[in-house]
Asker: 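The structure under discussion is supplied below as structure tokens; questions concerning it will follow.
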Amino acid sequence: MALPRRRNLSYNRFRSLVKFISAISGVLLILFAFLSFLAPSPNESQHFHLRHHHNSFNAVVEDPVTSGDSVFRVPSSGGKLDRDIWSSRNAKFFYGCSNVSAKFAKAEAVSRPTRYLAIATSGGLNQQRTGITDAVVAARILNATLVVPKLDQKSFWKDASNFSEIFDVDWFISSLSKDVKIIKQLPKRGGKSWTPYTMRVPRKCSERCYQNRVLPVILKRHHAVQLNKFDYRLANKLDTDLQKLRCRVNYHALKFADPILEMGKTLVHRMRMRSKRYIALHLRFEPDMLAFSGCDYGGGEKERNELGAIRKRWKTLHKNNPDKQRRQGKCPLTPEEVGLMLRALGYGSDVHIYVASGEVYGGEETLRPLKSLFPNFYSKDTIATKEELAPFSSFSSRMAALDFIVCDESDVFVTNNNGNMARILAGRRKYFGHKPTIRPNAKKLYRLFLSRSNMTWEAFASRVHIFQRGFMGEPKEVRPGRGEFHENPSACICEDSEAREKATAYSRGKKNGKLEKEAMVSDDQNDYDDNDEPRWPDLDDDENQVWPQEKLHYNGTGSDYDAVISDEPELEEMLSD
């Protein structure tokens, strides 16, 4: 009897366990069904993710983007930094120096009365500016009298302005009178107008090149020669005295005509009335520029069709791989990417930005993310009336000159391309005190922008700081002699070694506690600390210095369109400024 009783007890226990498990399973099934009802469908979830990604270039980015455990939240402020974002730490040790040396003879001693050089410039305002600068030096090499240069009135830019309508011609002639003799027009021969012999010289023509190619024509045949399409027709490396002459022309003799200068000053004053400091941004996000780049900016089939149609105008442009172009740093940053870079570098939403740009591809929709990051957003059209701009608005070079002035006077200049305006302003800002000039390190930043949703804002900002070292307009970022002289006028930048040594001694003394000043100032009064200084690379240490011009094509001084300019003159002119 005991055995059947035990079996019955075991069977009852088993039935109870089965009922318990069944009850638990039922509860879990009900809970699962309830949660499934509340959760979005897989298609909905995927649609939300794609929509969020698609709008990343066209939406306000103040909201968080979450991915895993990281949150990419763009702050409205620039954050607390250990450096001054409005100036260069080492600028005070460098200054522009282009004074003539004792061995550089005066023009009256070397000019030959029967030698005349005329030039016809090419391209937009800034490309013509390089031609004018180099023409003065070419005249000096030939010991010739220079005729005031003719401006390009037939190019892509279609500006009918002559020299005196853009530049102060009398100042140009008088300020260079000791270097080169300059006249407004060729003298008449036998009471008749004198037509010079026209020719062209190769690009980057050296002193010997001019003496061998141009001088014999002047001496033996015509005495007056006009060099056509005169842009970048002078070698980058010249004798130091000739390089300094280049600087005297570009930075002192080429002064804008009074109407342009006065309107430019008015625009600068209006920016200063709004804010003590401002950033000038040369955006270059026009349809032509984007079509040339062959890059993909996230606009889908519509964008590809529109930019592709523009690109077909130039037969020498072949189909590019957009991803490869961006990897190589050849794509301009989008307005949003420019804004994110600036915020990461420490510029908050209260910063005022002046934008120098033509027609922006996509219009206001493209600009919206940048304006969301920086609401204080201006251009010459928003701070001046149509009536004020009327004398300039029909002339592309005069309008470009106004932008040039506002960008030149800005506290920080940001360029989104490597055209002539960017190069000339970079060189000019180095010469006049190394004011910050930011060029995006596009080759490194592109990967960062792609992966930004997978990191925190702090990590993103830290990477931007690292990648932008060597691209901020600091002294000695580029080795002397590297790149275009108009961008890196190293022969005209001098260092105040005495001031540098004093500062270095002071800093070392501070660290060692040996300065007499420290003995007199208590710790709580002395606010000077090495930790307050910006943590940039040692500018005197070649081994650790980042030399961007050697390593990155897009951010280097070499033009991104050098391969096509000889075959497509209109393309060259369009891209030049």
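Here the structure is a predicted model, which means the values were calculated and not measured. Values reported hereafter were calculated over all heavy atoms of this structure, with side chains retained and with hydrogens, waters and symmetry mates removed.
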Asker: Under 6.0 Å from the CH2 atom of Trp86, do we count more than 12 heavy atoms belonging to anything else shown?
Answerer: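 Result for CH2/Trp86: enclosed.
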
Asker: Check whether any side-chain heavy atom of Tyr251 lies under 4.5 Å from a side-chain heavy atom of Pro489, and answer yes or no.
Answerer: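 Tyr251 reaches Pro489 side chain to side chain.
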
Asker: If I take atom CD1 from residue Ile353 and atom CG from residue Leu342, how far apart are they, to the nearest 0.5 angstrom?
Answerer: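 Taking CD1 in Ile353 and CG in Leu342, the distance rounds to 5.5 Å.
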
Asker: Just checking Phe93 against His434, ring centres under 6.0 Å apart?
Answerer: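 Centroid distance Phe93-His434: not below 6.0 Å, so no.
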
Asker: Under 3.5 Å, is there a donor-acceptor pair between the Asn250 and Arg428 side chains?
Answerer: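 Looking only at side-chain atoms, Arg428 and Asn250 do not form any donor-acceptor pair under 3.5 Å.
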
Asker: So Leu117 and Tyr210, side-chain contact (heavy atoms from CB on, under 4.5 Å) or not? Walk me through it.
Answerer: CA-CA 12 Å; Leu117 177 67; Tyr210 276 92; 5.9 Å; no

Asker: Below 30° counts as parallel, above 60° as perpendicular, anything between as tilted: where do the rings of Phe167 and Phe256 land?
Answerer: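 The arrangement is parallel - the two ring planes meet at less than 30°.
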
Asker: Would you say the side chains of Ser122 and Lys229 form a donor-acceptor pair under 3.5 Å?
Answerer: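 Yes - a donor-acceptor pair under 3.5 Å links their side chains.
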
Asker: Looking only at heavy atoms, what is the nearest atom pair of Arg429 and Asp408, with distance?
Answerer: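 Minimum heavy-atom separation between Arg429 and Asp408: NH1-O, 3.3 Å.
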
Asker: Is there a salt bridge (Lys or Arg N to Asp or Glu O under 4.0 Å) between Lys386 and Glu388? Walk through the geometry before answering.
Answerer: CA-CA 5 Å; Lys386 288 184 178 180; Glu388 288 175 315; over 6 Å; no

Asker: Output the distance between atom OG (Ser193) and atom NZ (Lys188), rounded to the nearest 0.5 Å.
Answerer: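 Spacing of OG (Ser193) from NZ (Lys188) equals 5.0 Å.
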
Asker: First locate atom OG1 of Thr121, then atom CG of Asp152, and finally report the distance between them rounded to the nearest 0.5 Å.
Answerer: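 Atom-to-atom, Thr121:OG1 and Asp152:CG are 5.5 Å apart.
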
Asker: Specify the closest pair of heavy atoms between Arg248 and Asn99, including all atoms of both residues, with the distance to one decimal.
Answerer: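 The answer is NH1-C, 3.8 Å.
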
Asker: Could you check whether any side-chain heavy atom of Lys435 comes within less than 4.5 Å of a side-chain heavy atom of Asp411, counting everything from C-beta outward?
Answerer: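 No, their side chains stay 4.5 Å or more apart.
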
Asker: Donor-acceptor check, side chain of Lys380 to backbone of Gly264, threshold 3.5 angstrom: yes or no?
Answerer: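 Pair absent, no side-chain N/O of Lys380 close to backbone of Gly264.
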
Asker: May I ask you to check if Arg313 and Phe292 form a cation-pi contact, with NZ or CZ under 6.0 angstrom from the six-membered ring centre and within 45° of the axis?
Answerer: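 Output no; distance or angle outside limits.
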
Asker: What's the separation between atom CZ in Phe471 and atom NZ in Lys444, rounded to the nearest 0.5 Å?
Answerer: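 Atom-to-atom, Phe471:CZ and Lys444:NZ are 7.5 Å apart.
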
Asker: So, Asn417 side chain and Pro332 main chain: donor-acceptor pair closer than 3.5 Å or not?
Answerer: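 Absent.
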
Asker: Within the 3.5 Å criterion, strictly below it, is a donor on Arg208 or Gln211 matched to an acceptor on the partner's side chain?
Answerer: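 No donor-acceptor contact under 3.5 Å links the two side chains.
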
Asker: Taking the side chain as every heavy atom from C-beta outward, state whether Asn418 and Glu487 have any pair of such atoms under 4.5 Å apart.
Answerer: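 They are in side-chain contact.
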
Asker: Is a side-chain donor or acceptor of Arg112 paired with a backbone partner of Val110 at a separation under 3.5 angstrom?
Answerer: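 At least one qualifying donor-acceptor pair exists.
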
Asker: Using distance alone, with no hydrogens and no angle criterion, decide if Asp403 and Tyr354 have a side-chain donor and acceptor under 3.5 Å apart.
Answerer: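 On atom types as modelled, these side chains qualify, holding a pair under 3.5 Å.
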
Asker: How about Lys178 and Val100: do any of their side-chain heavy atoms sit closer than 4.5 Å?
Answerer: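 Lys178 does not reach Val100 side chain to side chain.
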
Asker: Inspect the contact between Glu207 and Arg140 and indicate whether a charged nitrogen and a carboxylate oxygen are less than 4.0 angstrom apart.
Answerer: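 Judged by the 4.0 Å cut-off on N to carboxylate O distance, Arg140 and Glu207 do not form a salt bridge.
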
Asker: Would you name the heavy atoms of Glu477 and Met472 that are closest together and state the gap between them?
Answerer: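 Smallest interatomic distance, heavy atoms only, reads OE2-N, 2.8 Å.
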
Asker: Which atoms form the tightest heavy-atom contact between Tyr431 and Ser98, and what is the distance?
Answerer: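 That would be OH-OG, 2.7 Å.
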
Asker: Apply side-chain contact (heavy atoms from CB on, under 4.5 Å) to Ile119 and Asp134, showing your working.
Answerer: CA-CA 10 Å; Ile119 69 149; Asp134 290 348; over 6 Å; no

Asker: Can you tell which of Arg203, Arg129, Lys204 makes a salt bridge (Lys or Arg N to Asp or Glu O under 4.0 Å) with Asp231?
Answerer: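 So the option named by the test is Arg203.
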
Asker: Any donor-acceptor pair under 3.5 Å linking the side chain of Gln243 with the backbone of Asn236?
Answerer: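 Indeed, once roles are kept as given, a pair shorter than 3.5 Å links the two residues.
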
Asker: Testing the 3.5 Å rule here: is there a donor-acceptor pair between the side chains of His486 and Tyr232?
Answerer: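 Short answer, no.
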
Asker: Set out, in order, the CA-CA distance, both residues' side-chain angles and the distance that settles salt bridge (Lys or Arg N to Asp or Glu O under 4.0 Å) for Asp170 and Lys184, then state yes or no.
Answerer: CA-CA 9 Å; Asp170 293 324; Lys184 293 184 179 180; 3.1 Å; yes

Asker: Side chains of Asp84 and Arg89: does their closest heavy-atom pair fall under 4.5 Å?
Answerer: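 A side-chain contact is absent here, since even the closest heavy-atom pair is not under 4.5 Å.
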
Asker: So with a 6.0 Å cut-off around NZ of Lys106, is the heavy-atom count from everything else above 12?
Answerer: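 Atom NZ in Lys106 is not crowded, with 12 or fewer foreign heavy atoms closer than 6.0 Å.
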
Asker: For residues Val136 and Val180, report the shortest heavy-atom separation together with the two atoms involved.
Answerer: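 Smallest interatomic distance, heavy atoms only, reads O-CG2, 3.6 Å.
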
Asker: Taking the side chain as C-beta and beyond, is there a heavy-atom pair between Ile132 and Phe163 under 4.5 Å?
Answerer: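 A side-chain contact exists here, since the closest heavy-atom pair is under 4.5 Å.
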
Asker: Just wondering, do Ser161 and Arg398 contact through their side chains at under 4.5 Å, heavy atoms?
Answerer: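 Side-chain contact under 4.5 Å: yes.
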
Asker: Donor-acceptor pair, Arg233 side chain versus Arg200 backbone, under 3.5 Å?
Answerer: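 No.
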
Asker: If you take all heavy atoms of Ala291 and Leu307, which pair is closest and at what distance?
Answerer: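 Heavy atoms only, the tightest pair is CB-O, 3.5 Å.
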
Asker: Do other residues, nucleotides or ligands put more than 12 heavy atoms under 6.0 Å from the CZ atom of Arg213?
Answerer: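 Check fails, neighbour count at 12 or below.
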
Asker: Counting only N and O atoms by type, is there a donor-acceptor contact under 3.5 Å from the side chain of Tyr347 to the main-chain atoms of Ile85?
Answerer: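 At least one qualifying donor-acceptor pair exists.
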
Asker: If I take atom CD1 from residue Ile424 and atom OG1 from residue Thr133, how far apart are they, to the nearest 0.5 angstrom?
Answerer: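 Between Ile424 CD1 and Thr133 OG1, I get 7.0 Å after rounding to 0.5 Å.
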
Asker: How far apart are the C-alpha atoms of Lys255 and Ser175, what are their side-chain angles, what is the distance that settles it, and do they pass the side-chain contact (heavy atoms from CB on, under 4.5 Å) test?
Answerer: CA-CA 10 Å; Lys255 204 166 72 172; Ser175 64; over 6 Å; no

Asker: Is there a donor-acceptor contact under 3.5 Å from the side chain of Gln127 to the main chain of Asn420?
Answerer: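 Absent.
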
Asker: Spell out, as yes or no, whether a donor-acceptor pair under 3.5 Å connects the side chain of Lys265 to the backbone of Ile405.
Answerer: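 Here the side-chain-to-backbone pair does not exist.
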
Asker: From Ser410 OG over to Leu425 CG, what is the distance, rounded to the nearest 0.5 angstrom?
Answerer: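 Rounded to the nearest 0.5 Å, the OG-CG separation comes out at 8.0 Å.
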
Asker: If only atom types and distance count, is the side chain of Glu409 paired as donor or acceptor with the main-chain N or O of Val268 below 3.5 Å?
Answerer: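 No: the side chain of Glu409 does not pair with the backbone of Val268.
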
Asker: Do Ile218 and Tyr197 touch side chain to side chain, with heavy atoms closer than 4.5 Å?
Answerer: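 They are not in side-chain contact.
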
Asker: Applying disulfide (SG to SG under 2.5 Å), run through Cys492 and Cys97 and close with a yes or a no.
Answerer: CA-CA 5 Å; Cys492 304; Cys97 53; over 6 Å; no

Asker: Does NZ or CZ of Arg274 lie under 6.0 Å from the centre of the six-membered ring of Tyr378, at an angle within 45° of the ring axis?
Answerer: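 Judged by the rule, Arg274 and Tyr378 form a cation-pi pair.
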
Asker: So Phe413 and His282, would you call those rings parallel, tilted or perpendicular, with 30° and 60° as cut-offs?
Answerer: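 Phe413 and His282: parallel rings.
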
Asker: Ring-plane angle category for Trp194 and Tyr116, please: parallel below 30°, perpendicular beyond 60°, tilted otherwise.
Answerer: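 Trp194 and Tyr116: perpendicular rings.
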
Asker: Could you check Leu290 against Phe285 for side-chain contact (heavy atoms from CB on, under 4.5 Å), going step by step and ending with a plain yes or no?
Answerer: CA-CA 7 Å; Leu290 304 190; Phe285 210 69; 3.7 Å; yes

Asker: Hey, does the side chain of Gln468 reach the backbone of Arg439 with a donor-acceptor pair shorter than 3.5 angstrom?
Answerer: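 Present.
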
